[in-house]
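Just so you know, these numbers use all the heavy atoms, side chains as well, and skip hydrogens, waters and symmetry mates. Residue numbers start from 1 in every chain, and the chains themselves are labelled A, B, ... in the order their sequence lines are given, proteins ahead of strands.
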2 protein chains.
Amino acid sequence: MKKTLSSNPNIRLVQSKQDCGHCDIEHLCISAGMDEDSEEFNEIVKTSDSFDARERIFKRSDTVTSLYVIQSGAAKSQTTNADGRHQVVGFYFPGDLVGIETIAIKKHPCDVFALEKTWLCEVPFEKLEHLCAEHPSLQHEMFMRMGERIYHDEYSCLLRRDETADKRVLSFITELYKKLEGSKYIKGTSIHLPMTKTDLSSYLGLQPETLSRTLKHLQAKGYIVNSASQIEILDFEGINQVVEN
Amino acid sequence: MKKTLSSNPNIRLVQSKQDCGHCDIEHLCISAGMDEDSEEFNEIVKTSDSFDARERIFKRSDTVTSLYVIQSGAAKSQTTNADGRHQVVGFYFPGDLVGIETIAIKKHPCDVFALEKTWLCEVPFEKLEHLCAEHPSLQHEMFMRMGERIYHDEYSCLLRRDETADKRVLSFITELYKKLEGSKYIKGTSIHLPMTKTDLSSYLGLQPETLSRTLKHLQAKGYIVNSASQIEILDFEGINQVVEN
DNA sequence: CGAGGCTTTGAGGGTGATCAAAAAGTGTGG
DNA sequence: CCACACTTTTTGATCACCCTCAAAGCCTCG
């Protein structure tokens with residue numbers, strides 16, 4: 001049986017990763033919202049075992065009572081349509097919250113898969129709520145996180161809806177570049193992509209063939225250099241002009 | 001000068017609407033999340049003057065420091081692209097929160113227009129945060145509201161992205177029917193639409209012509225009856241089959 | 001009653017989907 | 001380390017859906 005966080009409540013804790021004080025993404029975590037030292041936060045957090053690439057982290061319809069923070073690695077969430085086709089809903093990187101889309105409906109609307117070796121922190125939602133009530137700064141951080149997510153969803157969604165394949169691809173690339181700046185996914189002007197091109201095409205609402213052709217054509221125009229799991233940005237200026245219009 | 005809530009801080013209060021205890025959508029308001037009587041909530045809420053149909057409620061880039069609850073009426077939010085075309089991002093009905101998409105960026109990403117005579121309640125966000133910290137049930141209500149919105153955004157977006165015009169239109173109709181059930185917008189199996197068909201087409205990511213043709217064709221198939229500002233649902237069963245596949 | 005926006009209808013064109021198949025990459029086990 | 005199976009990506013050809021442009025009717029509101 002595959003382990004998933006929700007089917008296996010007795011998660012093997014990785015003690016060395018347990019202490020928030022030693023976490024290397026502390027500044028990206030919601031605990032960064034706490035004024036005082038995050039000792040209390042540390043106490044409610046559980047650290048999960050790691051997940052290998054392609055391993056399922058959450059199963060659709062699983063009951064959720066926690067939020068999860070990506071500590072290291074990357075993940076994708078995807079649904080399966082009635083006719084069996086998959087659709088990628090989002091990608092998650094270190095510091096991102098997995099599960100705020102579930103707190104109202106209390107179950108995963110999607111399967112979530114690790115894209116590479118990935119570690120998560122589990123934050124039991126009910127305990128988080130209590131802590132939020134005692135620490136206004138943490139409550140504020142949560143509101144801000146959720147507000148950002150709503151803003152992003154409503155705008156990235158919009159963006160992609162009516163735009164051409166060129167624009168969708170270019171704006172995805174530049175947004176991701178900004179988001180991951182300073183992380184191990186960025187080397188100079190190159191972005192390492194942990195997801196497959198097929199996943200990316202699904203996320204962008206395109207067919208794999210269309211994404212392939214689009215990347216080729218964007219490379220021919222000199223905007224980017226496309227390779228297996230990496231995209232190099234050549235012409236930020238030119239890309240911005242395409243995206244803005 | 002057009003009055004907007006944010007350009008005119010000295011809002012004329014409508015005293016008769018001021019008291020939360022007499023609000024006819026109290027059960028839809030975030031104050032419904034409060035265990036005790038909502039006296040304290042009542043104290044922080046400001047009620048705005050009403051807005052006429054087509055009147056602008058918020059201007060894009062306006063600074064925001066409050067959330068707003070639609071007390072009565074309906075509104076749309078829309079952006080303007082670089083090339084001047086408008087794009088409708090969302091519709092708001094009684095009980096809906098306008099402004100949670102702004103709390104992280106602190107300004108309106110969109111213009112918001114009244115679709116008909118509309119009343120709003122203003123809830124200063126900072127005061128709301130303080131109240132949330134004192135009343136865990138209110139904090140919980142806010143988390144649930146935001147979680148629902150994220151869930152809806154990520155799913156309605158998904159839904160519309162790859163689906164045919166038929167599916168987009170039918171799922172919009174049935175979702176709206178469910179959402180507005182029991183309100184004045186629903187009479188039997190008919191939905192009154194406060195927005196224009198052009199607004200709706202924009203929201204659905206279609207051209208007005210395409211929406212017009214789609215509605216005609218869905219009527220020919222016997223799913224709905226289409227008229228000026230009303231859509232009657234004839235075949236719930238059949239519609240579900242179309243949407244699910 | 002007139003002006004303006006909204007909706008409908010028609011004809012033609014383009015972007016991206018679909019289908020098919022080859023090429024390249026990835027992981028596994030011997 | 002290589003061979004094999006499998007997945008992912010690419011390429012090509014054709015097609016469908018929706019967009020675009022144009023214009024006429026319709027409704028709403030001043």
Participant: Does the protein touch nucleotides 16-26 of chain C at the base, only the backbone, or not at all? Give it as B, S and - per nucleotide, heavy atoms under 4.0 Å.
Facilitator: SSBBB------
Participant: Counting only side-chain nitrogens and oxygens, does B:Lys216 get under 4.0 Å of the OP1 or OP2 atom of C:dT8?
Facilitator: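 For C:dT8, neither OP1 nor OP2 has a side-chain N or O of B:Lys216 closer than 4.0 Å.
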Participant: Base, sugar-phosphate, or nothing for B:Asn226, non-hydrogen atoms under 4.0 angstrom?
Facilitator: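 Sugar-phosphate, no base atom in range.
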Participant: Whole-Å distance between C:dT8 C1' and B:Leu218 CG?
Facilitator: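 Interatomic distance, CG of B:Leu218 to C1' of C:dT8: 16 Å.
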Participant: Could you tell me the separation between the CG atom of A:Leu215 and the P atom of D:dT8, rounded to a whole number of Å?
Facilitator: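 So the CG-P distance, A:Leu215 to D:dT8, works out to 17 Å.
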Participant: When the distance from CE of A:Met195 to C1' of D:dT8 is rounded to whole Å, what number comes out?
Facilitator: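 Atom-to-atom, A:Met195 to D:dT8, this comes out as 15 Å.
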Participant: For B:Tyr203 together with B:Phe172, are the ring centres under 6.0 Å from each other?
Facilitator: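 Here the rings of B:Tyr203 and B:Phe172 have centres that are less than 6.0 Å from each other.
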Participant: Are any non-hydrogen side-chain atoms of A:Ile100 and A:Arg149 less than 4.5 angstrom apart?
Facilitator: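 Yes; the side chains approach each other to less than 4.5 Å.
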Participant: Ignoring hydrogens and angles, write down the donor-acceptor pairs under 3.5 Å from the side chains of residues 204-220 of chain A, residues two or more places apart or on other chains.
Facilitator:
residue, atom, partner, partner atom, Å
A:Thr214, OG1, A:Thr210, O, 2.7
A:His217, ND1, A:Asp166, OD1, 3.4
A:Gln219, OE1, A:Asn226, N, 2.7

Participant: To the nearest Å, how far apart are B:Glu55 CD and D:dC29 C1'?
Facilitator: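 Result: 16 Å.
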Participant: Can you tell me the distance, in whole Å, between the CD atom of A:Glu116 and the C1' atom of C:dG27?
Facilitator: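 These atoms are roughly 17 Å apart.
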Participant: Show me the side-chain donor-acceptor pairs of residues 176-183 of chain A shorter than 3.5 Å, one per line, residues at least two apart or across chains.
Facilitator:
residue, atom, partner, partner atom, Å
A:Tyr177, OH, A:Gly188, O, 3.0
A:Lys179, NZ, A:Asp96, OD1, 3.2
A:Lys179, NZ, A:Asp96, OD2, 2.7
A:Ser183, OG, A:Leu180, O, 2.7
A:Ser183, OG, A:Tyr185, N, 3.1

Participant: A:Gln230 CD to D:dT9 P: how many Å, rounded?
Facilitator: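 Rounded to the whole Å, the gap is 15 Å.
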Participant: Verify, without hydrogens or angle tests, whether B:Asp62 (side chain) and B:Lys59 (backbone) share a donor-acceptor contact under 3.5 angstrom.
Facilitator: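 Yes: the side chain of B:Asp62 pairs with the backbone of B:Lys59.
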Participant: Has B:Lys76 got its NZ or CZ under 6.0 Å from the middle of the six-membered ring of B:Phe113, at an angle within 45 degrees of the ring axis?
Facilitator: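 Yes, B:Lys76 sits over the ring of B:Phe113.
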